[in-house]
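Everything on this sheet refers to the single structure shown next.
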Amino acid sequence: MAITARHRAYRFRCYPTLEQARQLVQTFGCVRLVYNMALDARAKAWYRRQERVNYVQTSALLTKWKRRNDLAFLNEVSSVPLQQALRHLQHAYAGFFEKRTDYPHFKRKRVGTGSAEYTKSAFTFRAGELRLAKQADPLRIRWSRPLPHGSEPTMVTVSRDASGRWFVSMLIEEDIPTLPERGEAVGVDAGLSALFTLSTGERIVNPRHERGDRARIRQRQQALSRKRKGSNNYHKAQIRLARAHARVADRRRDFLHKLTTRLVRENQVIAVEDLNVRGMLSNHTLARAIADASWSTFRRMLEYKAEWYGRDLVVVDRFMPSSKICSACGTIKRTMPLNARTFTCSDKACGHVEDRDANAAKNILAAGLAVAACGDGVRPKRS
Ligand SMILES: [Zn+2]
C-alpha cells in the first residue's frame with residue numbers, strides 16, 4: 001500500500017491574554033496594510049506601465065516600507081506574517097493569471113478581525129505549548145482533539161472572526177496510507193432543491209438544522225436593522241448576527257467533511273461539474289449564498305481528500321449541457337426549462353424519464369469517465 005504525506009490543518013479555539021490579543025490585532029492590521037500596499041503597487045505597475053511586479057520585488061518593497069518613518073510600526077510585529085501576506089498575494093495573482101479567480105481584492109478592515117500566518121521560524125512548539133514570535137507567554141489553547149502523536153506543526157495561523165472568537169490552526173504533516181483501489185465511480189450534480197444529487201439517484205439535502213439556523217440569521221438581521229448605527233446596541237447586535245453566521249458555517253463544514261470523506265472512501269473516480277461559482281454568486285438569497293459557499297468548499301475538500309487517498313477527481317467542462325442530455329440514449333434536447341424537475345427524453349428518441357438532477361449527475365459521471373479514460377478535455381487538477 002502506498003503512503004502519501006499530507007498536510008492537515010487542526011483548528012482549535014484559543015484564548016489570548018489581553019496583551020497577546022492587543023499584539024495580535026496589531027499584527028492583523030499590519031498584515032492587512034502590507035497586503036493592500038503590495039496589491040496597490042502591483043496593480044499600478046500593471047495598469048500604468050504594463051509591468052509585472054513579482055513576489056521578490058514586493059518583498060524588497062516591504063524592506064523599504066519598514067524604513068519609512070510613517071510606517072515604523074511595521075517593525076513592532078513579527079516580520080514572518082508580513083512576508084506570508086506577500087506570499088498570499090502572489091498566490092492570488094497566480095490564480096488570476098491562470099483564470100481560476102477574480103483579480104485580487106483589497107482586504108477590508110473589520111474591527112478586531114484578521115489573521116496572521118507564522119512559519120516555523122516564528123513560533124516554538126514544545127511540550128504542547130505554542131509560543132508565537134514577539135510573545136513571551138504560550139498561547140492558551142483549548143485542545144478539542146489531540147494532535148497526532150509526536151507531531152509538530154509546520155505552520156500556525158491565528159485568526160479572529162467577526163463574532164470575536166479566536167482560533168489557531170496548525171498545519172501538521174502526516175503519513176497516511178492511500179485507500180485500496182476500488183471499481184466504483186460517482187457523478188455529482190450541484191443544485192438548489194437538493195444540495196447535491198449523485199448519479200446513483202441519491203439526493204443529499206440541506207442538513208435538517210439549517211432551516212432553523214437561517215431563520216435565526218434573518219431574525220438577527222432584522223434586530224440589527226432596528227438599532228441605531230454606531231450605538232452600543234448596534235455593535236452587540238452585529239456580534240450576535242456574526243455568531244449566527246459562524247454557527248451555520250461551522251455546521252456546514254462538518255456536514256461537508258462527512259460527505260466528502262464518504263464519497264472518497266466509496267469511489268475510485270468522482271466526477272464533478274466545473275460550475276462557475278462567480279456567476280452563481282450574483283443571486284443574493286441567503287439559501288443561495290450558503291449553497292454557493294458549500295459548493296466551493298465541497299470542491300476544495302474533494303480535491304485534497306482525493307489526493308490524500310489516491311482517488312481521481314475529474315472536473316467536467318462547465319459548458320457541457322449536462323441537464324439537456326438524455327443519460328439513457330445521449331440525445332440532446334434543445335431546451336430544458338430551469339423549473340422543470342423531470343427530464344423527459346423525446347418520444348422519437350428513447351422516451352426515458354428521470355429526475356432532472358439525477359439525469360445530470362449521470363451525464364457528469366459519463367463525461368468524467370470518458371475524460372479519465374482518454375485524459376483529454378479536462379483542466380489540470382488544482383494543486
Ligand atoms: Zn433518451
Side-chain angles (χ1 to χ4, degrees), residues 1 3-32 75-88 91 112-179 239 242-243 246-247 249-258 260-261 264 297 300-301 304-305 307-309:
M1 201 180 284
I3 304 276
T4 50
R6 67 174 178 185
H7 282 95
R8 183 167 171 181
Y10 287 76
R11 189 165 173 259
F12 306 99
R13 290 286 293 273
C14 65
Y15 303 89
T17 62
L18 277 180
E19 172 52 24
Q20 286 173 331
R22 188 202 59 74
Q23 205 267 341
L24 284 166
V25 168
Q26 186 190 10
T27 307
F28 296 166
C30 293
V31 163
R32 193 159 34 222
N75 297 293
E76 291 170 21
V77 304
S78 165
S79 62
V80 171
L82 306 183
Q83 284 293 340
Q84 290 305 100
L86 297 179
R87 290 210 173 86
H88 288 165
H91 202 73
T113 68
S115 70
E117 198 172 272
Y118 297 81
T119 54
K120 250 189 156 160
S121 61
F123 66 84
T124 62
F125 185 75
R126 267 184 220 113
E129 286 192 334
L130 177 73
R131 277 187 179 78
L132 299 172
K134 305 259 179 193
Q135 298 199 346
D137 295 321
L139 193 61
R140 196 157 71 85
I141 296 169
R142 198 181 71 200
W143 299 99
S144 43
R145 56 180 169 155
L147 291 181
H149 185 71
S151 62
E152 264 187 53
T154 53
M155 183 133 72
V156 168
T157 306
V158 183
S159 61
R160 188 173 187 234
D161 71 11
S163 63
R165 300 180 305 173
W166 289 90
F167 294 96
V168 58
S169 171
M170 302 184 186
L171 207 60
I172 304 281
E173 200 178 281
E174 294 178 339
D175 288 337
I176 55 143
T178 52
L179 292 169
I239 290 179
R243 284 209 185 110
R247 183 181 155 103
D250 286 354
R251 297 174 108 175
R252 244 323 144 93
R253 196 178 311 112
D254 283 351
F255 172 79
L256 291 173
H257 264 306
K258 286 191 189 113
T260 50
T261 298
V264 165
T297 309
R300 200 163 30 79
M301 287 178 174
Y304 67 71
K305 288 182 186 180
E307 200 173 313
W308 288 351
Y309 293 112

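These figures come from a predicted structure and were not determined experimentally.
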Name the atoms and distances for all side-chain donor-acceptor pairs under 3.5 Å in residues 149-161, with sequence neighbours left out.
| residue | atom | partner | partner atom | Å |
| --- | --- | --- | --- | --- |
| S151 | OG | P148 | O | 2.6 |
| T154 | OG1 | L171 | O | 3.3 |
| R160 | NH1 | G112 | O | 3.2 |
| D161 | OD1 | S163 | N | 3.0 |
| D161 | OD1 | S163 | OG | 2.9 |
| D161 | OD1 | G164 | N | 3.1 |
| D161 | OD1 | R165 | N | 3.0 |
| D161 | OD2 | S163 | OG | 3.4 |
| D161 | OD2 | R165 | NE | 3.0 |
| D161 | OD2 | R165 | NH2 | 3.1 |

Residues passing the side chain to side chain contact (heavy atoms under 4.5 Å, CB included) test with Q23, sequence neighbours excluded, are T27, K134, Q135
Exercise for the section: Begin from the C-alpha positions of Y10 and I172 and carry the test side chain to side chain contact (heavy atoms under 4.5 Å, CB included) through to its verdict. Expected result: CA-CA 7 Å; Y10 287 76; I172 304 281; 3.6 Å; yes
- [ ] Please answer whether the main-chain N or O of R300 pairs with a side-chain N or O of K305 as donor and acceptor at a distance below 3.5 Å.
- [x]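 Not confirmed, K305 side chain does not pair with R300 backbone.
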Nearest 0.5 Å please: distance from the [atom1] atom of [X] over to the [atom2] atom of [Y].
X	Y	atom1	atom2	value
D137	E129	CG	CD	9.5 Å
R251	R253	CZ	CZ	13.0 Å
Y309	L179	OH	CG	6.5 Å

* Asked: Hey, are the side chains of L24 and W166 touching, using non-hydrogen atoms and a 4.5 Å cut-off?
  -> yes
* Please tell me if the side chains of R252 and T297 come closer than 4.5 Å, counting only heavy atoms from C-beta onward. =>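 Side chain of R252 against side chain of T297, heavy atoms only: no contact under 4.5 Å found.
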message = Just to verify, what does F12 make a ring-ring contact (aromatic ring centres under 6.0 Å, His included) with, not counting sequence neighbours?
response =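 Partners of F12 under the ring-ring contact (aromatic ring centres under 6.0 Å, His included) test: W143.
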[X] and [Y]: which non-hydrogen atoms are nearest, and at how many Å?
X	Y	result
P138	R131	CD-NH2, 3.5 Å
A116	V31	CB-CG2, 4.4 Å
S169	A9	OG-CB, 3.8 Å
H7	W308	O-CZ2, 3.5 Å

Pair T113-F28, side chain to side chain contact (heavy atoms under 4.5 Å, CB included): steps then yes or no: CA-CA 7 Å; T113 68; F28 296 166; over 6 Å; no
Using atom types as modelled, flag every donor-acceptor pair under 3.5 Å from a side chain in residues 117-128 to any protein atom, sequence neighbours excluded.
| residue | atom | partner | partner atom | Å |
| --- | --- | --- | --- | --- |
| E117 | OE1 | H88 | NE2 | 3.0 |
| E117 | OE2 | Q84 | NE2 | 2.6 |
| E117 | OE2 | H88 | NE2 | 3.3 |

Using distance only, find each side-chain donor-acceptor pair of residues 75-83 under 3.5 Å and give its atom names and separation, not counting sequence neighbours.
| residue | atom | partner | partner atom | Å |
| --- | --- | --- | --- | --- |
| N75 | ND2 | K66 | O | 3.0 |
| N75 | ND2 | A72 | O | 3.1 |
| E76 | OE1 | Q26 | NE2 | 2.6 |
| S78 | OG | V80 | N | 3.3 |
| Q83 | OE1 | Y55 | OH | 3.0 |
| Q83 | OE1 | S59 | OG | 3.4 |
| Q83 | NE2 | S59 | OG | 3.4 |

When you look at M170 and L130, which way does the side chain to side chain contact (heavy atoms under 4.5 Å, CB included) test go after all the steps? CA-CA 10 Å; M170 302 184 186; L130 177 73; 4.0 Å; yes
Contacts of R13 meeting side chain to side chain donor-acceptor pair (under 3.5 Å) (sequence neighbours excluded), chain-then-number -> none
Derivation and outcome, salt bridge (charged side-chain N to carboxylate O under 4.0 Å, His left out), residues D250 and R247
CA-CA 5 Å; D250 286 354; R247 183 181 155 103; over 6 Å; no
